[in-house]
Amino acid sequence: MNPIIQSLYRDGVPDPEAVNNFVDQNQFPLVEPGRVTFVYRGQAEEVYLRRWIAGLSTAQALEPLEGSDLWALTMELPEKSRFEYKFEVVANGARKLVLDALNGVLAHDPFGANSVCQGYGYERPGWTLHDPEARSGSLATLKFASSSFQDTRELEIYLPARFRRSRAYPLLVVHDGLDYLRYADLKNVLDNLIHRLEIPAMIVALTQSPDRLVEYTGDERHARFLSEDLLSAVAAKFPLLDDRNARGLVGASFGGVAALHAASRYPRTYGQLLLQSGSFAFSDLGHHKKGPVFDPVVRFINEYRNHPFALAEKIYMSCGMYESLIYENRSLVPLLQDQGMQVFFEEARDAHNWENWRDRLRQGLTWLFPGPLWMVYE
Amino acid sequence: MAVQIMLGPQSPRANLKNAIDSLSFNGPIVTITAGWRDSEAETDELQAEIGIPIEDLNLYHQAEKIFALEPELRALQRERQGKLLELQRLYRIRLTPTMAAARKLLREKGEPDLLRLEQRAAISQVRALDRHHVRRISAIHQDFDTRRAALLIPGAATLRQTIKRKVADSALVLIAGGHVAVLINRIRLFRLADELAQKPIIAWSAGAMVLGERIVLFHDDAPQGKRDAEVLDTGLGIVKNIIPLPHAKSRLDWSSRTRMALFSRRFAPAICCTLDNGSMIQMENNRITSASHSSVIMRTGWKKSVKAQ
């Protein structure tokens with residue numbers, strides 16, 4: 001049992017005031033080296049911890065604590081781990097997923113919010129937070145006609161602080177770019193890393209698909225859209241370095257598939273790929289069991305696994321150890337390396353979520369686009 | 001002999017004005033801000049900080065004019081930079097294992113007499129490699145100078161002479177920080193070393209680095225992890241026996257005495273002096289005449305305040 005709960009029960013069943021004090025005076029969940037204890041307070045018939053960690057049951061029951069309306073569950077958790085969760089509360093026969101009311105740390109994604117469990121030793125990296133000393137880049141909107149999709153598309157363009165038209169910049173194209181801005185604090189990250197000279201000043205095109213489950217799953221139109229429509233629209237408006245190594249693609253989950261797919265269709269166009277928790281599903285034998293959305297993904301990854309080739313200069317890949325995709329990502333690494341590409345693979349004690357992707361951006365971006373830090377002494 | 005004052009970074013608190021006020025001079029001030037690269041012309045903040053008129057030599061942009069007048073020189077320059085880049089890569093291939101061995105030996109525990117000689121030999125190997133690298137760099141510069149002498153184009157020569165004269169006629173030269181390779185490259189391209197050696201100079205960060213005999217790059221807290229300090233190039237040699245270390249507080253791993261001790265012993269007899277925000281070292285005749293907020297790294301890995309000699 002967690003020592004703080006032990007101390008609550010040291011003199012027997014605690015009175016309501018002691019329970020109130022316990023709730024008011026502690027931060028939840030209760031974190032200690034190697035373990036974490038979740039606490040729920042409220043009347044219920046059953047309470048479960050719901051989290052999405054590959055290899056573990058998605059639901060674990062909390063136990064009621066005697067003589068109180070508290071429920072608790074202690075589980076192992078390696079240091080510096082992070083995962084997102086909710087409580088499933090059964091009351092009056094109804095089941096409801098709720099945030100942990102005792103934990104103010106939340107992570108947001110396009111589907112809403114989750115409570116966040118930060119294991120012992122985890123700290124949000126300082127470079128993801130707003131730094132008042134870092135000059136702020138700006139965002140502009142760019143609309144252009146896409147012949148690939150036969151419609152009009154809109155991009156947000158990040159321009160670095162002190163942007164000048166007389167200079168030429170590297171270009172990074174980010175899938176789910178608006179989500180990266182909202183949920184992974186991409187603008188803070190870019191402002192900070194550029195300010196610290198850890199990456200060069202760069203232009204970043206943030207693209208957001210209206211139908212990512214189709215367009216990001218190995219769609220030939222999307223590869224053409226990125227490499228022809230988008231690149232020429234951005235180049236017409238902004239000064240870009242005309243060099244493959246100064247051009248990169250970023251994507252997480254299906255966005256990672258879309259980036260890898262586009263690079264495979266235009267192998268001389270992109271030098272740098274940053275792929276986070278890519279949904280690189282494949283099948284060695286028989287049919288995959290991931291559902292029809294994955295059919296085109298599996299076709300593409302199988303095709304690439306059968307006929308691999310160098311499709312970029314450098315690839316940074318990251319994946320959470322607590323997500324099922326770790327298997328697919330680990331499998332892809334040696335294959336990519338064998339083609340002569342430089343591959344940096346990073347695993348984190350985290351899951352399939354935006355904060356995991358946010359926390360890996362410094363490693364990925366600075367490896368792919370090293371800044372002038374080594375040479376500059378202001 | 002002229003005075004040289006080396007300062008740390010000028011942000012968040014600037015001490016440049018204090019340094020200027022400490023000198024008595026009568027005449028124009030010229031500035032070299034080539035390390036700012038394409039922001040070179042943006043000297044308004046600097047001007048406001050010191051409150052005295054300055055003239056920037058615009059070396060970064062003037063070089064482009066010279067290259068336009070002398071395409072052969074541009075080609076020669078590119079060739080030199082290409083060779084230096086490749087040489088640095090080759091140097092690094094040997095440096096990494098040599099430094100790793102020296103560090104490992106410095107951390108070893110064992111019979112002191114036996115170990116001490118091995119440690120000394122390991123550090124000597126690093127020093128020998130650095131010396132070899134400097135010789136190779138000097139040879140590349142010498143080859144460049146010889147071949148360049150054959151290129152005599154009047155327009156470019158006039159531009160160069162104008163800049164040299166501005167330095168010669170100045171009463172004080174300020175050399176700003178920035179990209180250290182670009183800075184030394186531009187100063188070298190205009191062959192200003194002799195003129196600068198005669199002038200009082202105040203230089204900060206990268207500006208201070210180029211005054212020394214060797215330019216040493218270092219960063220123990222880079223995003224991709226610690227790197228071994230590297231000799232990048234020869235400096236102007238105006239200041240002898242000092243390795244200036246701007247941003248030392250944040251760029252060096254002071255928690256590792258082994259790393260710091262190796263840093264110190266590797267470059268001895270030159271002393272490795274920190275230049276952080278607020279630091280100042282004043283030199284005359286290659287002697288430190290005053291210093292504040294600067295430390296020297298000792299051969300034990302500890303540091304102590306820099307004192308006047």
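Each chain gets a letter, A, B and so on, in the order the sequences are listed, and its residues count up from 1. Computation of the quantities below employed the complete heavy-atom set of this structure, encompassing side-chain atoms and omitting hydrogens, waters and symmetry-equivalent molecules.
The choice from G8(B), P246(B), P223(B) that makes the most heavy-atom pairs within less than 4.5 Å of chain A is P223(B). Counting heavy-atom pairs closer than 4.5 Å to chain A, the top-ranked of the candidates M209(B), Q224(B), Q10(B) is Q224(B). Heavy-atom pairs under 4.5 Å with chain A peak, among G177(B), A176(B), G178(B), at G178(B). Each of A181(B), S205(B), S11(B) has some count of heavy-atom pairs under 4.5 Å with chain A, and the biggest count is that of S205(B).
Residues of residues 354-368 of chain A lying under 4.5 angstrom from chain B, judged on non-hydrogen atoms, are R362(A), Q363(A), T366(A), W367(A) by number.
Looking at D220(B) and R227(B), no side-chain N of the basic residue comes within less than 4.0 Å of a carboxylate O on the acidic one, giving no salt bridge. Salt bridge annotation for R82(A)-D350(A): present, with a cationic side-chain nitrogen under 4.0 angstrom from a carboxylate oxygen. Salt bridge annotation for D185(A)-R124(A): present, with a cationic side-chain nitrogen under 4.0 angstrom from a carboxylate oxygen. In summary, D221(B) and R251(B) do not engage in a salt bridge, as defined by a charged side-chain N under 4.0 Å from a carboxylate O.
Of the N and O atoms on the side chains of D56(B) and T33(B), at least one donor lies less than 3.5 Å from an acceptor on the other residue. Inspection of the H175(A) and T207(A) side chains reveals no N or O donor paired with an N or O acceptor under 3.5 Å.
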Derivation and outcome, ring pair (Phe, Tyr, Trp, His ring centres under 6.0 Å), residues F218(B) and Y377(A): CA-CA 10 Å; F218(B) 59 99; Y377(A) 302 75; 5.6 Å; yes

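Considering only heavy atoms from C-beta on, M341(A) stays 4.5 Å or farther from E313(A) through its side chain.
Only the side chain of H247(B) comes within less than 4.5 Å of a heavy atom of chain A; its backbone N, CA, C and O stay farther away. Neither the backbone nor the side chain of R196(A) comes within less than 4.5 Å of any heavy atom of chain B. Heavy-atom distances place the side chain of L232(B), and not its backbone, under 4.5 Å from chain A.
Taking the ring-ring contact (aromatic ring centres under 6.0 Å, His included) definition, one finds that Y60(B) meets it with nothing, sequence neighbours left out.
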